[in-house]
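Numbered from 1 within each chain, the chains take letters A, B, ... in sequence-line order. Just the heavy atoms: all of them, side chains too, but no hydrogens, waters or symmetry mates, feed the values below.
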There are 2 protein chains.
Amino acid sequence: MNVQLHDCFGKKEAVLKSTLSLVGKQGFHGTPMSQIAKNAGVAAGTIYHYFPSKGALISELYIYVKDRMAKAIIDGDDPSKSYKERFFAVMVSQYRFYVENPDSMNFLEQYINSPYAQEYAHLESQLFVEKVITFFKYGIENAYFKNIDPRLLAPTIRGTLVAAASFQLSQHMLFSDEDINEVVSIIWDGIKRQ
Amino acid sequence: MNVQLHDCFGKKEAVLKSTLSLVGKQGFHGTPMSQIAKNAGVAAGTIYHYFPSKGALISELYIYVKDRMAKAIIDGDDPSKSYKERFFAVMVSQYRFYVENPDSMNFLEQYINSPYAQEYAHLESQLFVEKVITFFKYGIENAYFKNIDPRLLAPTIRGTLVAAASFQLSQHMLFSDEDINEVVSIIWDGIKRQ
DNA sequence: ATCATGTAATTGAACGTTCATTCGGTACAA
DNA sequence: TTGTACCGAATGAACGTTCAATTACATGAT
């Protein structure tokens, strides 16, 4: 009848959450496995029961985070609306996800420019690809956007959203719905077919 | 009459260049000081004659790289032209700098989301602030742009340029002048006053 | 119910390696 | 002689990972 039993859905998830919060603040090389373990209320060795290595832990966390982001994005989508309205709603959802989960945003940004991303390049969130990428493909195929290589679209959009979100966070500002719409307009005006 | 004397303008710059090339490819935690030294043709201890620590080396490299980028950007500027033309020329120069110096681009991107950037937050390239930032301030004050917080502008622009440049590099593609103009148009159409 | 048995979960000290940094020493110039 | 540039082996701390030992728990026989 240990107290531990109450506080979470398995130690594996505790390790993932601990890693996310620490790496989001301190970076990969700033967070040793020992600290991840202590922060998760777990012994160092336990981590290796669930993950074969630090790299595998990090890359599995990437999927975990991106799945959650995909869910948050899809939540804002209403397929009965116009494509432009849907695009704005989806972008606003992604923006909100970043602002409400700064650790996730920081982690994703760091992961993208890290050796891990190349070593585990084959791993990607199924949910994100199926739902989010599909949504953008539709916009490209139906000529809502400029004739840009689709692989250029995703990082371009991400760049602007991340820039805005981390600006808001660093300045401790509150953005109104109007402000957020302004940011999404930068993206939309940039890529829409004029 | 050592051969070493011939091959460079001081070992300090050799160390900086060595660090840039290695960190650009392997990341911060992937490049030990010993490797930086060997790659620069220098003993490990010598690095500490010029830089008090690894962090200081990295942050000084940041200034070094950003100075070079500022110079490359300014080179493309002709103050006699219209602001829109100047904007496009400046953006194209920055894009070219990224593509021609991928190590610099990777290094800058990694630096921005790293503990070093916060630890040495007070250090910034004078040249970049004086020339490049000033140029954008002019555009804001003279209402060429949407009414965006100027601190949002820089990361937004960088996000798109980096996305495009690293896409080109990763795909081993050749972008025509027209292609590059298309990318800059995304930025311009996004932020210009409609 | 009780116990025996096997398997999975968990622990944390210990290991071997790697790394940033130090330091005693050499060479040469002023 | 003094100081500057440079070397590279040595140092010690930190790190990822391993492992022998312990506990928790499910299963099945009695």
Side-chain angles (χ1 to χ4, degrees), chain A residues 1-23 25-62 107 110-111 114-117 119-120, chain B residues 1-23 25-62 107 110-111 114-117 119-120:
Chain A
M1 201 65 78
N2 192 331
V3 181
Q4 296 286 64
L5 293 174
H6 292 273
D7 61 11
C8 67
F9 300 74
K11 310 216 165 188
K12 183 173 179 179
E13 191 161 10
V15 170
L16 285 170
K17 286 182 175 167
S18 167
T19 308
L20 177 59
S21 114
L22 290 172
V23 171
K25 293 173 184 66
Q26 307 171 353
F28 294 122
H29 55 298
T31 65
M33 294 294 263
S34 55
Q35 198 185 4
I36 291 173
K38 188 189 282 186
N39 188 247
V42 150
T46 304
I47 299 179
Y48 289 86
H49 181 69
Y50 295 107
F51 308 96
S53 69
K54 189 179 187 181
L57 162 60
I58 299 279
S59 74
E60 189 167 333
L61 179 56
Y62 171 72
F107 171 79
Q110 284 182 61
Y111 183 83
S114 80
Y116 298 121
E119 192 178 348
Y120 299 88
Chain B
M1 200 64 76
N2 193 329
V3 179
Q4 296 287 63
L5 294 173
H6 292 273
D7 61 10
C8 68
F9 299 73
K11 310 216 165 190
K12 183 173 180 179
E13 191 162 9
V15 170
L16 285 170
K17 285 182 175 168
S18 167
T19 308
L20 177 59
S21 113
L22 291 172
V23 171
K25 292 173 184 67
Q26 308 172 353
F28 294 123
H29 55 299
T31 65
M33 295 294 264
S34 55
Q35 198 185 3
I36 292 173
K38 187 189 281 185
N39 188 247
V42 151
T46 304
I47 299 180
Y48 289 86
H49 181 70
Y50 295 106
F51 307 96
S53 70
K54 189 179 186 179
L57 162 61
I58 299 278
S59 73
E60 189 166 332
L61 179 57
Y62 171 72
F107 172 80
Q110 284 183 61
Y111 184 83
S114 81
Y116 298 122
E119 193 179 347
Y120 299 88

Student: Tell me the interatomic distance from B/Gln35, atom CD, to C/dT21, atom P, rounded to whole angstroms.
Tutor: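 Nearest whole value for this atom pair: 16 Å.
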Student: Report yes if at least one side-chain N or O of A/Tyr48 is closer than 4.0 Å to OP1 or OP2 of D/dC19; otherwise report no.
Tutor: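 Looking at the OP1 and OP2 atoms of D/dC19, neither is under 4.0 Å from any side-chain N or O of A/Tyr48.
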Student: Measuring from the side chain of B/Pro32 (C-beta onward, heavy atoms only), which nucleotide among C/dA20, C/dT10, D/dT17 has the closest atom?
Tutor: C/dA20
Student: Is there a side-chain polar atom (N or O) of B/Lys12 under 4.0 Å from OP1 or OP2 of D/dT4?
Tutor: no
Student: If only side-chain N and O atoms of A/His49 are considered, is one of them under 4.0 Å from the OP1 or OP2 phosphate oxygen of C/dT10?
Tutor: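 For A/His49, the contact criterion (side-chain N or O under 4.0 Å from OP1 or OP2 of C/dT10) is not met.
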Student: Which nucleotide wins on minimum distance to the side chain of B/Ser53, given the candidates D/dT17, D/dC7, C/dT21?
Tutor: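 Shortest atom-to-atom distance from the side chain points to C/dT21.
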Student: Roughly how many Å is it from CD1 in A/Ile47 to P in C/dG12, rounded to a whole number?
Tutor: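 A/Ile47 atom CD1 is separated from C/dG12 atom P by 13 Å.
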Student: Taking for each residue the nucleotide of DNA chain D with the nearest heavy atom, is it A/Pro52 or A/His29 whose nucleotide lies nearer the 5' end?
Tutor: A/His29
Student: Quick one: is D/dC15 close enough that its OP1 or OP2 comes under 4.0 Å of any side-chain N or O from A/Lys54?
Tutor: no
Student: Would you kindly give the NZ-to-C1' distance between A/Lys11 and D/dA24, to the nearest whole Å?
Tutor: 11 Å
Student: Apply side-chain contact (heavy atoms from CB on, under 4.5 Å) to A/Thr19 and A/Thr31, showing your working.
Tutor: CA-CA 8 Å; A/Thr19 308; A/Thr31 65; 5.8 Å; no
Student: Looking only at the side chain of B/Met33 (C-beta and beyond, no hydrogens), which of the listed nucleotides C/dT10, D/dC7, C/dA20 gets closest?
Tutor: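 The listed nucleotide nearest to B/Met33's side chain is C/dA20.
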Student: Test side-chain contact (heavy atoms from CB on, under 4.5 Å) on B/Ile58 and B/Phe51 and set out the steps.
Tutor: CA-CA 9 Å; B/Ile58 299 278; B/Phe51 307 96; over 6 Å; no
Student: Students often get this wrong, so: under 4.0 angstrom with heavy atoms, is B/Phe51 touching a base, only sugar-phosphate, or nothing?
Tutor: nothing
Student: Classify the ring geometry of B/Tyr116 against B/Phe28: parallel below 30°, tilted from 30° to 60°, perpendicular beyond 60°.
Tutor: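 Correct class here is perpendicular.
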Student: Report yes if the side chains of B/Val23 and B/Leu61 come closer than 4.5 Å at any heavy-atom pair, otherwise no.
Tutor: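 No, every pair of side-chain atoms sits at 4.5 Å or beyond.
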Student: Does any part of the side chain of A/Glu119, heavy atoms only, come nearer than 4.5 Å to the side chain of A/Ser59, both counted from C-beta?
Tutor: no
Student: Provide, to the nearest angstrom, the distance between the OH atom belonging to A/Tyr50 and the C1' atom belonging to D/dG16.
Tutor: 20 Å
Student: Nearest whole Å is fine: how far is D/dG16 P from A/Glu119 CD?
Tutor: 14 Å
Student: D/dC7, C/dA20, C/dA8: which one has an atom nearest the side-chain heavy atoms of B/Val42?
Tutor: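 In terms of side-chain proximity for B/Val42, the closest of D/dC7, C/dA20, C/dA8 is D/dC7.
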Student: Under 4.0 Å between a side-chain N/O of B/Thr46 and OP1 or OP2 of D/dC7, yes or no?
Tutor: yes
